[in-house]
Number of protein chains: 2
Amino acid sequence: MEAATAVETIQREMTVFARRARASAGRLHPELSLVSYTLLGHLEERDGCRATDLAAHYALDKSTVSRQVTALERAGLVERRQDPEDHRVQVLHLTAAGRRILGQVTVSRRAAVGERLAEWSREDLERFAGYLMRYNAWPGPAEDA
Amino acid sequence: MEAATAVETIQREMTVFARRARASAGRLHPELSLVSYTLLGHLEERDGCRATDLAAHYALDKSTVSRQVTALERAGLVERRQDPEDHRVQVLHLTAAGRRILGQVTVSRRAAVGERLAEWSREDLERFAGYLMRYNAWPGPAEDA
DNA sequence: CGCCGCGAGTTGTACTCTGCAACCAGTACC
DNA sequence: GGTACTGGTTGCAGAGTACAACTCGCGGCG
């Protein structure tokens, strides 16, 4: 495979994944949209962060994040805390309920994805995961595709 | 890295990519949405197919595809041809204009993605592309995430 | 101190994408 | 012919999103 072809393939396959992921997320977990899930996941991973950080990480407009967070807060899954240093920012944290729901969804997602990856060798899994992280870690503006 | 962790990471990173891809697609190519681009790409790859096939491949509702195709046809990028065998189906084909636009977008996308992948060895590129294809080739229902 | 620029977040507005349900048209099988 | 199925369209409603305009708090500079 030529390098340009590989790049092309990476693009196309990532896009297929993206579309299918969005399409099926709602069906699998009606209680938590793909958006909400990823935001909660990020909060858990970072143990709290600002709305602006979420927007930057997912290349979303801050208004979009604001609305999503509002919904998550109304659902009792997320908590806003005032930053004592800077009264402009609100640090977001998972609530106990948020952590619980996130755990449930993660389990069922892992089952679905794990089924697809069941035949993969551990080495392939790790390399694949590594490639994805490496790709996403690119520091530039999120001009992925 | 444990296998479950790798699965988790794959999920999360794929999702990050998915979200960023959608976010930036519109900015890079205002003339062709991510959806339209992928549909056109699929048509080129398969050299024509039915609307239902597109819906199945991307896990989209047939109504959604119908509307997208209508838009693409209005834009003169896609052509519907009656199947002489079965008058229900309409086989979709790229027009010359569609092929041209698709080519332009592909070039600019490849430039953007290629920049990110510039430092990668050819071996890594090919392995990454292979993993993605392998993942998406899973035959089951598109319960990706 | 008071003004100005900046950064975080919210709200108004409009648009796209999407799915579901209801429907029409053509096909296949009895 | 009638019934069931398939491909596709249309009406409707809802989620996600961006952009612009706004508020509020922080920090520098005269």
Side-chain angles (χ1 to χ4, degrees), chain A residues 15 18-40 48-75 78-92 141-143, chain B residues 15 18-39 48-75 78-92 141-144:
Chain A
T15 305
R19 302 196 48 67
R20 294 214 273 230
R22 194 146 65 100
S24 60
R27 283 190 270 279
L28 276 176
H29 330 286
E31 75 280 11
L32 207 58
S33 76
L34 181 62
V35 192
S36 306
Y37 175 76
T38 56
L39 295 186
L40 290 185
C49 71
R50 303 178 307 163
T52 298
D53 299 334
L54 292 176
H57 190 246
Y58 293 104
L60 288 170
D61 192 82
K62 57 184 180 168
S63 66
T64 300
V65 174
S66 173
R67 283 182 240 271
Q68 294 289 334
V69 169
T70 300
L72 289 173
E73 189 188 31
R74 254 202 313 269
V78 153
E79 193 182 44
R80 294 163 140 117
R81 298 187 194 154
Q82 281 279 330
D83 182 338
E85 310 270 300
D86 185 338
H87 283 229
R88 288 171 302 181
V89 319
Q90 37 188 239
V91 184
L92 305 171
E143 295 177 353
Chain B
T15 305
R19 303 197 47 69
R20 293 214 271 230
R22 194 147 66 97
S24 58
R27 283 191 270 279
L28 276 176
H29 329 286
E31 75 280 14
L32 207 56
S33 77
L34 181 61
V35 192
S36 306
Y37 175 75
T38 56
L39 294 186
C49 71
R50 302 178 308 163
T52 299
D53 299 334
L54 291 175
H57 189 248
Y58 293 105
L60 287 171
D61 192 80
K62 57 184 180 167
S63 66
T64 301
V65 174
S66 172
R67 285 183 240 270
Q68 295 287 335
V69 169
T70 300
L72 288 174
E73 188 188 30
R74 255 203 312 269
V78 153
E79 191 181 46
R80 295 165 141 116
R81 298 186 195 155
Q82 281 278 329
D83 183 338
E85 311 269 302
D86 184 338
H87 284 226
R88 288 172 302 183
V89 318
Q90 35 187 244
V91 185
L92 305 171
E143 295 176 351
D144 298 292

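Chain identifiers are assigned alphabetically (A, B, ...) following the order of the sequence lines, protein sequences preceding nucleic acid strands; residue numbering begins at 1 within each chain.
- Between A:Glu85 atom CD and C:dA8 atom P the separation is 15 Å, expressed in whole Å.
- When the P atom of C:dT11 is taken as reference, atom CD of A:Gln68 falls 14 Å away, rounded to whole Å.
- The main-chain N or O of A:Ser66 is found under 3.5 Å from a side-chain atom of A:Thr70 such that the two form a donor-acceptor pair.
- Contacts classified as side chain to side chain donor-acceptor pair (under 3.5 Å) and involving residues 80-89 of chain B (residues at least two apart or in different chains) are given here: B:Glu73-B:Arg80, B:Glu79-B:Arg81, B:Arg80-B:Gln90, B:Arg81-B:His93, B:Asp86-B:Arg88.
- In this structure, A:Thr38 contributes its side chain and A:Leu34 its backbone to a donor-acceptor pair below 3.5 Å.
- One atom, CG of A:Leu72, and another, P of C:dT10, lie 12 Å apart when rounded to the nearest Å.
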Reading nucleotides 2-11 of chain D from 5' to 3' and marking B where a protein heavy atom lies under 4.0 Å of the base, S where only the sugar-phosphate is that close, and - otherwise, the string is ----BSBBBB
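- Partners of B:Ala51 by side-chain contact (heavy atoms from CB on, under 4.5 Å), not counting sequence neighbours, listed by chain and number: B:Val65, B:Leu92.
- Rounding to the nearest 0.5 Å places CD of B:Gln68 at 8.0 Å from CG of B:Leu60.
- Taking atom CG of residue B:Asp83 and atom C1' of nucleotide C:dT27, one finds them 12 Å apart after rounding to whole Å.
- If you take CG of A:Leu60 and C1' of C:dA8, they are 16 Å apart, rounded to a whole angstrom.
- One can place CG of A:Leu54 at 13 Å from P of D:dA18, the figure rounded to the nearest angstrom.
- The distance between atom CG of B:Leu39 and atom P of C:dC17, rounded to the nearest whole Å, is 10 Å.
- Distance check: A:Leu39 CG to A:Leu32 CG gives 9.0 Å after rounding to the nearest 0.5 Å.
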